[in-house]
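All remarks here apply to the structure that follows.
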2 protein chains.
Amino acid sequence: MTMSESLELVSATKSFGGWLKRYKHHSRALDCEMIFAIYLPPQAETDKVPLLWWLSGLTCNDENFMQKAGAQRVAAELGMAIICPDTSPRGTDLPGEHDSYDFGSGASFYVNASQAPWSKHYRMYDYVTEELPSVARQHFPLNGREAISGHSMGGHGALVLALRQPGRYASVSAFAPVVNPIVSPWGQKAFTAYLGEDHGKWTQYDACELIAKGASRQPLFIDQGEADNFLDEQLMPERIEATCEKHDHPLTLRRQPGYDHSYFFIATFIEDHLRYHAEHLQRKR
Amino acid sequence: MTMSESLELVSATKSFGGWLKRYKHHSRALDCEMIFAIYLPPQAETDKVPLLWWLSGLTCNDENFMQKAGAQRVAAELGMAIICPDTSPRGTDLPGEHDSYDFGSGASFYVNASQAPWSKHYRMYDYVTEELPSVARQHFPLNGREAISGHSMGGHGALVLALRQPGRYASVSAFAPVVNPIVSPWGQKAFTAYLGEDHGKWTQYDACELIAKGASRQPLFIDQGEADNFLDEQLMPERIEATCEKHDHPLTLRRQPGYDHSYFFIATFIEDHLRYHAEHLQRKR
């Protein structure tokens, strides 16, 4: 049984008739203080609403998506709450944790680390799949229906969380996700430190590997900019395309000419994703 | 006769089918290097388009509005270019210039400074009314129709530029503008340094004073959040309301309950402003 978690309100900002709120709380999974953001649409004043999880990418925190994606406008129309967790534990000071943009703080890769010293704090998989959802259920008017999306490292997180938990999310989408981190330099760097040399652990956090194992057949919806600087070295969408083709996994992969890796790309197509999720969130289970 | 200005492209990012471009150039008015941003909608690929000037507030540069307001979506639909100038000269190092958020760099108040040492660089009125428009005409497919808007200090700038140049802008609007800087602590601090003790100069950069002088009867459209932290001390919308009432100046002032001074407020209502400007920009002169 979970005791009611205490939340400290950091800020509350009216946005498109609803409220963007930031909260601080102590995370038991991560053993540190964390801040997350939630957008509550106007409908949440009177009704329970469905929830979209948004997982952000490297260097981000809970703020980037809410400030730059322009999602609140559509979420307010659709009556959808959005939660943005932070992208790693904070306030810790592990060796090398703050030295690189692609490792440590801001770069959890949403795994449960098994290697010291990371294993004490870097348990973001548990945080975003269990602890924070529990907190959210206790404090906000949510109807229990969830969807998930994310960008880059967070797109990886969204795909992995959905593929590992069949039936949990009504729908999953991603922008420019790291679809095959075990062959991506970003993923290899993070997984080596967080998970060690046991590649069996790595494959549990790799969308392509999870698809190949066939645990779930949930459709995947991905947007990828063709002018993305990280396309060939880190993202490699052709790998998930081939894997889905081989294993008959439903995939909608849209290649968007001219778009880069930035929030300008996300802002351009976020409405499509929100409407996609709303459609699935409204369906009967 | 003006020679063609050379522009250095800093970045080009696809956004809602158009392009957000940032350029660096040498400003003669400001005697320094400046960066500005322009959003070119998809229609600019084949046609000349109207232009909205956006003047940002204290601490901002050319980037904040383009990242946070969500304007490109609507500008792309309406076929409207947007230029965001920076909010002050840059790269200079005058005494005290970088010490305060509300003075010096990031805080030009869009005046032509008359006092040393500011008068050598702080000539933002000339920059945004003459030099940058000339640069824009030379380099971008603009149809010559202009409108203007801005936020806070930039809302002040938009109102002042429109009131001082009757007939230039098809329409003017503002978010949480400093409507009466000669009685606002922000304005008094800036005007004292930039313009000296001659209050006759101050009144040329004060929307309420310009309305009272009756130089123009151009309608003003203003949105003001009622939960704005700066409402009573700095913004004082009741002053422009009373001035417009007294001098029969057309004003639409919308007080928005619960909204603060942030870009979340701007993002919520920017679509209304862009559609308002588009309607006026499409009219025959």
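Below, read A as the first sequence line, B as the second, and so on, with proteins coming before strands; counting in each chain starts at 1.
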Practice task
Side chain from CB out, backbone as N, CA, C, O: work out which of these in Q256(B) comes under 4.5 Å of a heavy atom of chain A, or both, or neither.
Solution key: neither
Practice task
Answer with side chain, backbone, both or neither: which region of F16(A) has an atom nearer than 4.5 Å to a non-hydrogen atom of chain B?
Solution key: both
Practice task
Check each atom of S262(A) against the heavy atoms of chain B and say whether the ones under 4.5 Å are side chain, backbone, both or neither.
Solution key: side chain
Handout entry: Presence of salt bridge, E271(A) and R73(B), under 4.0 angstrom
Key = no
Problem - Reference residue W186(B); test side-chain contact (heavy atoms from CB on, under 4.5 Å); the match among M153(B), E233(B), H156(B), Q234(B) - result: Q234(B)
Problem - Electrostatic pair R254(A):D272(A) at N-O distance under 4.0 angstrom - result: yes
Exercise for the section: Inspect the contact between K68(A) and E63(A) and indicate whether a charged nitrogen and a carboxylate oxygen are less than 4.0 angstrom apart. Expected result: no
